[in-house]
There are 2 protein chains.
Amino acid sequence: MVTIKDIAKLAGVSPSTVSRVVSNHPRISLDTSRKVKQIMEELGYHPNIMAKSLVSKTTQTLAILLPRPAEELFQNFFFGELLRGILTVANRSGYDTLLTTATGEHDEIESVARLVRGRRVDGIILLSSRVNDPIVAYLAQSEFPFVLIGSCQAHPDILSVDNDNTQAAFDATQHLIAQGHERIGFVSGPANLTVSNDRLHGYQKALEAYRLPIRSEWIVEGEFLQESGYRAMSLIMSLPERPTALVVIDDVVAFGVLRGLTELGYKVPDDISLVSFNNIALSELASPPISSIDIGTYQLGYTAAQALIRDVQEQPVQTARMVIPHRLMIRESSLSTMIKKG
Amino acid sequence: MVTIKDIAKLAGVSPSTVSRVVSNHPRISLDTSRKVKQIMEELGYHPNIMAKSLVSKTTQTLAILLPRPAEELFQNFFFGELLRGILTVANRSGYDTLLTTATGEHDEIESVARLVRGRRVDGIILLSSRVNDPIVAYLAQSEFPFVLIGSCQAHPDILSVDNDNTQAAFDATQHLIAQGHERIGFVSGPANLTVSNDRLHGYQKALEAYRLPIRSEWIVEGEFLQESGYRAMSLIMSLPERPTALVVIDDVVAFGVLRGLTELGYKVPDDISLVSFNNIALSELASPPISSIDIGTYQLGYTAAQALIRDVQEQPVQTARMVIPHRLMIRESSLSTMIKKG
DNA sequence: ACGGACTGTGCAAACGTTTTTACAACGAAT
DNA sequence: ATTCGTTGTAAAAACGTTTGCACAGTCCGT
């Protein structure tokens, strides 16, 4: 392995001089600099990053931390977009990115502590919207730089990036109401996620605003999986009184709902209209194409990484709570030609 | 920051002893071990990973290296599955995982060199199937542990994991032939990827085996994008003589083809049958559900990580070239009830 | 009582950097 | 001629670990 000393010896200078050449120290003569650089080139020298980190106390590395069952996330197609947003910023700023999952129960904290206390990374991007996430609690108390993608009701004051999910769900519901629907159901995600709660809340607010009845049997909780949508759909459609439209927590779930409806012979959007969230690339390729709230996934990752890096570098961070705008993409699944009333 | 020395002082032992406690050295008395461990617990000690790496010359870190325009990959939905396979193995074996992209042209090599020469990681998982990838060339010559997911015609001897894409395409084509098709087209990917070449080759071999004509105008090259499928489809369908079935390089592309065919009023599978590759979760949710070759994406990642870790740890590695079995998932898109003959 | 094997611990060097401090050489200003 | 600022370089300490070597103490067989 070629070290700074090898270069120094060959160039007839001291190691410190080589180090200064590498870091473009102002008080190095052009001659020395050229000579050293040439030798570095010849030997293919690259500084040992561990040694560098040890003394500089910075790793130039961020961690993307996925909480417990990451399985779900990997399957979910907006994950790639999110990564892309994060990596774009990180690379540009010279940071490497560690992809880590916090597994185990008490272990969960332990695996974060390893990163934090072991100075493994300079900052953490945490993907979570658990209502009360112990990892958030740990990080908040540890004073370690981190940003949350999502939100945590127990810690509203931390650095985080999220959508206005309540407003988004309001918009989605309002759109269905504008299409003439009066009986609207909601297929939700796990109740311990703020994203589920917020969207449910927005849905309810919209119904209230338009004085439409909120029927608890039309609200079904599930997971972020197709199966979940399928099941929720059959549950709702087996009721004596059925809704004419559904707001669905996630596109993948909506795919499950759609499959179920099609199997049962319902026509979308004519029998049942659909609006969902996240606007993954395939939503518009479903048949019919699914209306979906675009949450600016790339922006979410991009903004989070940017804020974190600012924080790490102790530049002033603008706001603790950043909101990425959403946008309703209206497609065929919510454009019924004839509405069935009450 | 709490270091090994702090623990040592409080426990009234030397730093070396603490180190030995941490690494479960056999010749430490139970008493000392307990005392030290308790103090570590109290202070929340975690060893500084950089210092550790510096002396041990191992980082316990792998890099997942995505070649040039990673954009495409992030959009492609089997990426998540692949990551999941890799992370499962890596975590279990105590490795962290760096997600890196090699950007720039000459920079491409430079960014890899930084990882390799700077001892940033212990090994690299390279995602690529470029016919002649300079990164593969660099890594092969550098003696650095790495595994290729995909294959590289210029370096057939390196450690790699791939499918038998030729056979897979043969199977797909044969399936269409068995359904009675005699005029079969092929929507391919970029010509500089071995995956495109292999699959094209398998397709041609199948046609030859059954003495069916190979028509070059029915073979269209494109990208791994929906748009690409859409364009390829309209190109092929504008010909005076049209195929009755298409083999498509990738599910996402097939979605584009399907959309195009539907728009033009063709019925799938009755007018045109489809088989594609990769079997992403949404293939079966298309309408009609798309027949697809499952390439064992999770297995691909899992096997690659496993092989790499073996290599890094200098355990004997079984074979240089590992082949993950594929499986044709037959769905409605290739099950035409009535076949139009030549 | 003695040599040896074994057990438990400490000392110090090493890993490859960065950075503070020091200092030599030089030109310019007094 | 002396002082002073500037420029370029070197020496050495520090970062937090691991680990080979040394050594004191204990236990055992003779």
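A note on names: the letters A, B, ... follow the listed sequences, proteins ahead of strands, and every chain is numbered from 1.
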_Protein-nucleotide distance (Lys57(B), atom NZ; dC15(C), atom P), rounded to Å_ = 7 Å

*Should Tyr45(B) be listed as having a side-chain N or O under 4.0 Å from OP1 or OP2 of dG16(D)?*
no

Report, one pair per line, the protein and nucleotides 6-11 of chain D atoms (nitrogen or oxygen only) whose separation is under 3.5 Å.
from    : atom 1 : to       : atom 2 : distance (Å)
dG8(D)  : N7     : Arg27(A) : NE     : 3.3
dG8(D)  : N7     : Arg27(A) : NH2    : 3.4
dG8(D)  : O6     : Arg27(A) : NH2    : 3.1
dT9(D)  : OP1    : Ser29(A) : OG     : 3.4
dT9(D)  : OP1    : Thr32(A) : OG1    : 2.5
dT9(D)  : OP2    : Ser29(A) : N      : 3.2
dT9(D)  : OP2    : Ser29(A) : OG     : 3.3
dT9(D)  : OP2    : Thr32(A) : OG1    : 3.0
dA10(D) : OP2    : Ser14(A) : N      : 2.7
dA10(D) : OP2    : Ser14(A) : OG     : 3.3
dA10(D) : OP2    : Thr17(A) : OG1    : 2.8
dA10(D) : N7     : Arg20(A) : NH2    : 3.0
dA10(D) : N6     : Arg20(A) : NH2    : 2.8
dA11(D) : N7     : Ser16(A) : OG     : 3.4
dA11(D) : N6     : Ser16(A) : OG     : 3.4

*Taking atom P of dT17(C) as reference, at what distance in whole Å does atom CG of Asp6(A) sit?*
9 Å

*asked:* What's the separation between atom CE in Met1(B) and atom CG in Leu43(B), rounded to the nearest 0.5 Å?
replied: 13.0 Å

*For the pair Thr194(A) (side chain) and Ser151(A) (backbone), establish whether a donor and an acceptor sit closer than 3.5 Å, ignoring hydrogens and angles.*
yes

_If you only use heavy atoms from C-beta on, which nucleotide in dC15(D), dG16(C), dT18(D) is closest to the side chain of Lys52(B)?_
dT18(D)

*Take atom CG of Asn48(B) and atom C1' of dG16(D), then tell me their distance rounded to the nearest Å.*
6 Å

*How close or far is atom P of dC15(C) from atom CG of Leu54(A), stated in whole angstroms?*
14 Å

*Looking only at heavy atoms, what is the nearest atom pair of Phe78(A) and Thr297(A), with distance?*
O-CG2, 3.3 Å

*In Å and rounded to the nearest 0.5 Å, what is the OG1 to CG distance from Thr100(A) to Leu65(A)?*
4.5 Å

*asked:* Which heavy atom of Asp311(B) sits nearest to which heavy atom of Phe146(B), and what is that distance?
replied: OD2-N, 4.1 Å

*Rounded to whole angstrom units, what separation is found between the NZ atom of Lys5(B) and the P atom of dC15(D)?*
6 Å

*How close or far is atom P of dT19(C) from atom CD1 of Ile4(A), stated in whole angstroms?*
11 Å

*Check for a donor-acceptor pair, side chain of Ser23(A) on one end and backbone N or O of Ser19(A) on the other, with a separation under 3.5 Å.*
yes

*Check every strand shown and say whether Ser19(B) touches a base, only sugar-phosphate, or nothing at a heavy-atom separation below 4.0 Å.*
base

*When the distance from CE of Met50(A) to C1' of dT18(C) is rounded to whole Å, what number comes out?*
16 Å

*Roughly how many Å is it from CD1 in Ile7(B) to P in dG10(C), rounded to a whole number?*
15 Å

*Glu143(B) atom CD: more than 12 heavy-atom contacts under 6.0 Å*: no

_For the student: nearest non-hydrogen atoms of Ala140(A) and His155(A), plus distance_ = CB-ND1, 4.0 Å

_Considering all heavy atoms, the nearest Thr59(A)-Ser53(A) contact_ = CA-OG, 3.6 Å

*Which residues, if any, of residues 115-124 of chain A bring a heavy atom under 4.0 Å of DNA chain D?*
none

